[in-house]
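Labels below follow one simple rule: chain letters A, B, ... track the order of the sequence lines, proteins then strands, and each chain is numbered from 1.
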Number of protein chains: 2
Amino acid sequence: MELDERKIKILTAVIKTYLETGEPVGSRTISKYTDLSLSSATIRNEMADLEEMGYILQPHTSSGRIPTDKGYRFYVDSLMETKEREIEDMKEVVLEKADQLSEVLKQAAKLLASNTNYAAMVSTPEIHRNKLKFIQLSKVDESSILAVIVVEGNIIKNKMIHTEAPLDDDTILKLNLLLNTHLNGLSLEKINLGLITLLKEKAGIHTDVVSSVIDAVADAIRADENLEIYTSGANNIFKYPELADNEMASDIINTFEEKKQLEKMVTERLMEDGSEKNGIQVYIGSEAPVPAMKDCSVVTATYELGEGMRGTVGIIGPKRMDYEKVMGTIKKLMDQLDMIYRNT
Amino acid sequence: MELDERKIKILTAVIKTYLETGEPVGSRTISKYTDLSLSSATIRNEMADLEEMGYILQPHTSSGRIPTDKGYRFYVDSLMETKEREIEDMKEVVLEKADQLSEVLKQAAKLLASNTNYAAMVSTPEIHRNKLKFIQLSKVDESSILAVIVVEGNIIKNKMIHTEAPLDDDTILKLNLLLNTHLNGLSLEKINLGLITLLKEKAGIHTDVVSSVIDAVADAIRADENLEIYTSGANNIFKYPELADNEMASDIINTFEEKKQLEKMVTERLMEDGSEKNGIQVYIGSEAPVPAMKDCSVVTATYELGEGMRGTVGIIGPKRMDYEKVMGTIKKLMDQLDMIYRNT
DNA sequence: ATTAGCACTCAGTCAATCCGAGTGCTAATA
DNA sequence: TATTAGCACTCGGATTGACTGAGTGCTAAT
């Protein structure tokens, strides 16, 4: 059996109606569907076929149908192919500029959540490819110096380094000069073993400090250590009865709070199938790499702030989420993030 | 009518039993209570009195009694007076040392939540009284310089300052020297108008930069801007049916996520009555300054890391929380925070 | 190939009923 | 006088059964 034109129409109708109402949809409802003039009986036959093919199912014998994950997947994929509907309104279209990137991202999460009525997350960008802008060592007290590391995009990392013996100001100045002349403008990949050895040599007796600093730089820049995820609107899940169930809600909230789990979704990049377009990725139910999300859908998208600075935004909601709206909203947000970056 | 010995015993028995079971407790249950040898009938009479006095109530006619807020209050107050029971086990007693204070605090929140099975929050310390350790200006690119501000306790703040005209390295060096010689070791209060004027004079044509830096310092150090609250174990509330109700849970989760609300409890210091002891403060139900907490109890405590660095930890759970355990656990945690600070 | 019609299924709702834990009150008791 | 035993009563919660209505599958007619 295959999906002919009419089956597709019926399937789409079922899904759309279900997205709106959240209740199993019956044959009579569909038969009233405008551009389909078929009796409920015919619809029933077709629906029986669709069920056999695995696109829809009955929660219990003789109730209406609801989409299966496969059904949603079909729907979402076909959505991806048609060019996107414009999202008319984004309540507060403005992401205010803030000099801290983290503030912007927090705001973005809030914006997503309040516009969609789902839960939202935004990860800080990975800065793998980023170039070191400069390093500054400063003596803080007798046994510790502070390394401030700035990478392109004005992302700032602080790292305390404890030293055995106190260093005098002059030495620190020299080390600063040394590090900056050699490391400035380099991306992480370019800081290789040869360079490190060279630096250590030049540092003379202070080779241990240099080594600490380089560790610190690597450590500070290493993406997984830096990854932060801002969330917002977790309580939105209570708006959807199918998620508001105690156990489920507890799991979801926990996932949201722990963030370790969210990282998986943010990190994982599935580019294989057609569902990836415009950088938007949709996970339906158990497609998500996180078991707690098995009754949710997750829509993620990758944003890019200049060369190599890639982060992820995501929306988490019930399977019957308004995919069109969500994708539209995310796209709008991406544009804004882009603009913000350009103006900085 | 007044609370005689026996009434106190009965009241305590009712509350303790209710804390364990979470179900209304009847007269027969209490009459079996070991050190009280009274018939259920007598207990009933006493309970009627206690109800009249407002310490307990019946959720519905002819059910057992549960404590009112007033009842809890009595119980908690009397707990405060008796010297604390030792908390025997704290699952993971170790707060690992981390060079970032924020990491320690996050861990602390996690620890509290997992040990008590309630939700926990930990605020970053206010650094009002803290002394400036040093300031470092560095040129980042043509139009911006980075101010790194370190205060005692090794709390680090970064602030980007945009300048109209580019500054040359020499000027920055001079400004650094100027700022550090004059501001080093000062607490925020000591940075007054006179000093600021003096600095501006000395800065010559770069008065605007100095002024920006000082703004930045004030801004960076200002407590309310810096206040962060780490939370953990929000999903624990689902373990208590009286909080797991949808609307309530949604409110609580929201409060937890928004943090604005939590700030109120962290900021507010009620020292008036006897319930404040060891810095521990208990809010029962609507005593808390946050409406969403009306069916919860909140136990907060103030920790101090050296001179003037005060933060708050808090536990949020159902009214029938195990107050003894919570207070004990919090106290243990305080000790640990103390130790961590001393060793740094 | 489509449709009308019919018998059937099943979740959800409502009322009736029962059960048991618990109370308040009264009368008896120490 | 304080305590207790006993009894009638209350009320929430669980159980049951009847009923409804939305929906189905199947068959026979179009």
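Of the charged side-chain nitrogens involved, at least one lies within less than 4.0 Å of a carboxylate oxygen, so that B/D77 and B/R73 count as a salt-bridged pair.
Across all strands shown, D/dT15 forms a Watson-Crick or G-U wobble pair, both distances under 3.5 Å, with C/dA16. The partner of D/dT30 is C/dA1, by the rule that a Watson-Crick or G-U pair needs both atom distances under 3.5 Å. For C/dG22, the paired base is D/dC9 (Watson-Crick or G-U wobble, both distances below 3.5 Å).
C/dG22 atom C1' lies 18 Å from atom CD of B/E46, rounded to whole Å. C/dT23 atom P lies 13 Å from atom CG of B/L57, rounded to whole Å. We find that CG of A/L38 is positioned 14 Å from P of C/dA1, with the value rounded to whole Å. Between the CD atom of A/E52 and the P atom of D/dT24 there is a distance of 16 Å, rounded to whole Å. For the pair A/Y18 OH and D/dG23 P, the interatomic distance rounds to 14 Å; values are reported in whole Å. When rounded to the nearest whole Å, the span between CG of A/N45 and P of D/dG23 equals 17 Å. Put simply, CG on B/L50 is 12 Å from P on C/dT23, counting in whole angstrom units. Rounded to whole Å, the distance from CG on A/D49 to P on C/dT2 is 11 Å.
Of the candidates D/dT3, C/dT3, C/dC10, C/dC10 carries the atom nearest the A/S62 side chain, counting heavy atoms from C-beta on. Distances from the side chain of A/R44 to the nucleotides D/dC11, C/dA4, D/dT24 place D/dT24 closest. Picking from C/dT23, C/dA11, D/dT24 the nucleotide with the shortest atom distance to the side chain of A/M47 gives D/dT24. Listed nucleotides: C/dG24, D/dA5, D/dC11. Nearest to the side chain of B/A41: D/dA5. Of the candidates C/dG22, D/dT4, D/dT24, the closest approach to any side-chain atom of A/Q58 belongs to D/dT24.
In plain terms, the two heavy atoms of A/A120 and A/I315 that are nearest each other are CB-CD1, 4.2 Å.
Side-chain nitrogen and oxygen atoms of B/R28 include none within less than 4.0 Å of the OP1 or OP2 phosphate oxygen of D/dT4. For the OP1/OP2 pair of C/dT3 and a distance below 4.0 Å, the side-chain nitrogens and oxygens of A/T42 include at least one atom meeting the criterion. Phosphate proximity of C/dT23 to B/S27: present, with a side-chain N or O under 4.0 Å from OP1 or OP2. Residue B/T61 places at least one side-chain N or O closer than 4.0 Å to OP1 or OP2 of D/dC11. Listed pair A/R65 / D/dT24 meets the phosphate criterion, a side-chain N or O lying under 4.0 Å from OP1 or OP2.
Side-chain contact, B/S297 with B/Y323: a donor N or O sits under 3.5 Å from an acceptor N or O.
No donor-acceptor contact under 3.5 Å links the side chain of A/S39 to the base of C/dT3.
For the atom pair CD1 of B/I10 and CE of B/M47, the computed distance is 8.0 Å after rounding to the nearest 0.5 Å.
The cationic atom of B/K70 (NZ for Lys, CZ for Arg) lies less than 6.0 Å from the six-membered ring centre of B/Y55 and within 45° of the ring axis.
The ring-ring contact (aromatic ring centres under 6.0 Å, His included) search around A/F238 returns none, not counting sequence neighbours.
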